[in-house]
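Okay, so here's the structure we're looking at.
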Amino acid sequence: SQTIHQWPATLVQPVGSPLSLECTVEGTSNPNLYWYRQAAGRGLQLLFYSVGIGQISSEVPQNLSASRPQDRQFILSSKKLLLSDSGFYLCAWSGGGVQETQYFGPGTRLLVL
Amino acid sequence: KQEVTQIPAALSVPEGENLVLNCSFTDSAIYNLQWFRQDPGKGLTSLLLIQSSQREQTSGRLNASLDKSSGRSTLYIAASQPGDSATYLCAVINNAGNMLTFGGGTRLMVKP
């Protein structure tokens, strides 16, 4: 069966520090991968999605970036965190075909102070 | 641009009640609609997926309907239980791609 992992589970970082969140998927090949952010009191916002290694599409302009160095690994990064980057970050995967069910990871709670 | 709205934002009911959660979307050109459940501080769990050609889907005590032409979906929960307490999110995928657009969610509390 397929599983999706995210780490760390919780992170507290100072403003201006770098960020690296990791997401890995097991049990499937060539998945579509997604990064979402859920800010306090707001809905889920799609940040990035990837249909293959090295292929990243960005949905919103921001100081975050994403990379997909391996088929089942998706990384969310920042060189300098802002206070507004605080939130709950969720990674998801779906089958390689379009418009399939997305399965979500457990999330990473990020607090920028 | 697709916009998804969920009403009510929060709902508190006594155990055993049947309840309806509403979801509306502005662009009817959707491929499918999904309902998710999110427990506090956790990821999302997919509950039901309705293809655009379908009218409803059922899973246990859950029934989701879709009226694509009017841009509406409802999630019906029968005989609610305290364990149903969570935030329920609906999301749509437009024909144009494979990205989900989420509503703001309905936070449900079922009191014993």
Side-chain angles (χ1 to χ4, degrees), chain A residues 1-11 21 23-25 30-52 55-60 66 87-111, chain B residues 1-10 21-27 29-54 57 59 64 66 68 86-107:
Chain A
S1 63
Q2 301 88 2
T3 55
I4 179 168
H5 304 278
Q6 286 186 244
W7 65 88
T10 305
L11 191 59
L21 303 182
C23 170
T24 58
V25 181
N30 195 30
N32 290 341
L33 296 172
Y34 309 84
W35 276 112
Y36 291 87
R37 176 169 60 200
Q38 189 174 36
R42 301 177 66 180
L44 273 130
Q45 180 184 40
L46 178 65
L47 302 175
F48 301 95
Y49 72 95
S50 170
V51 298
Q55 301 178 61
I56 309 295
S57 296
S58 174
E59 286 299 297
V60 292
F88 192 49
Y89 289 82
L90 287 159
C91 179
W93 74 272
S94 68
V98 295
Q99 296 139 343
E100 294 191 23
T101 299
Q102 292 187 18
Y103 300 93
F104 285 76
T108 294
R109 186 162 302 283
L110 172 66
L111 178 61
Chain B
K1 179 185 174 184
Q2 178 73 270
E3 292 183 3
V4 181
T5 304
Q6 291 186 245
I7 296 173
L21 307 181
N22 297 293
C23 172
S24 61
F25 45 94
T26 55
D27 184 352
I30 65 167
Y31 189 82
N32 64 42
L33 181 145
Q34 283 186 254
W35 282 94
F36 293 88
R37 169 184 172 140
Q38 185 178 28
D39 292 286
K42 304 293 185 182
L44 277 65
T45 301
S46 180
L47 297 173
L48 291 163
L49 182 150
I50 310 178
Q51 302 289 353
S52 63
S53 59
Q54 298 175 319
Q57 281 287 333
S59 176
L66 174 64
K68 185 179 158 184
T87 296
Y88 291 81
L89 297 154
C90 79
V92 299
I93 289 184
N94 282 69
N95 290 342
N98 59 353
M99 291 163 285
L100 284 168
T101 301
F102 281 86
T106 293
R107 192 169 63 256

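Each chain gets a letter, A, B and so on, in the order its sequence line appears, and its residues count up from 1.
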| remark: Highest number of heavy-atom pairs under 4.5 Å with chain A among G105(B), G41(B), G103(B) belongs to G41(B)
| Picking from A91(B), G43(B), G104(B), which has the most non-hydrogen pairs under 4.5 angstrom with chain A? | G43(B)
| request: Let me know if Q6(B) has heavy atoms under 4.5 Å from chain A in its side chain, its backbone, both or neither. | output: neither
| query | Side chain, backbone, both or neither: which part of L46(A) has a heavy atom under 4.5 Å from chain B? | reply | side chain
| said: For R37(A), give me all partners under salt bridge (charged side-chain N to carboxylate O under 4.0 Å, His left out), at least two apart in sequence or on another chain. | reply: D85(A)
| message | R37(B) and side chain to side chain contact (heavy atoms under 4.5 Å, CB included): which single residue from T87(B), L47(B), L48(B), L89(B) fits? | response | L47(B)
| query | Taking only residues at least two apart or on different chains, which pairs with a member in residues 40-49 of chain B satisfy side chain to side chain donor-acceptor pair (under 3.5 Å)? | reply | Q34(B)-S46(B)
| Short side-chain to backbone donor-acceptor contact, Q6(A) and G107(A), under 3.5 Å | yes
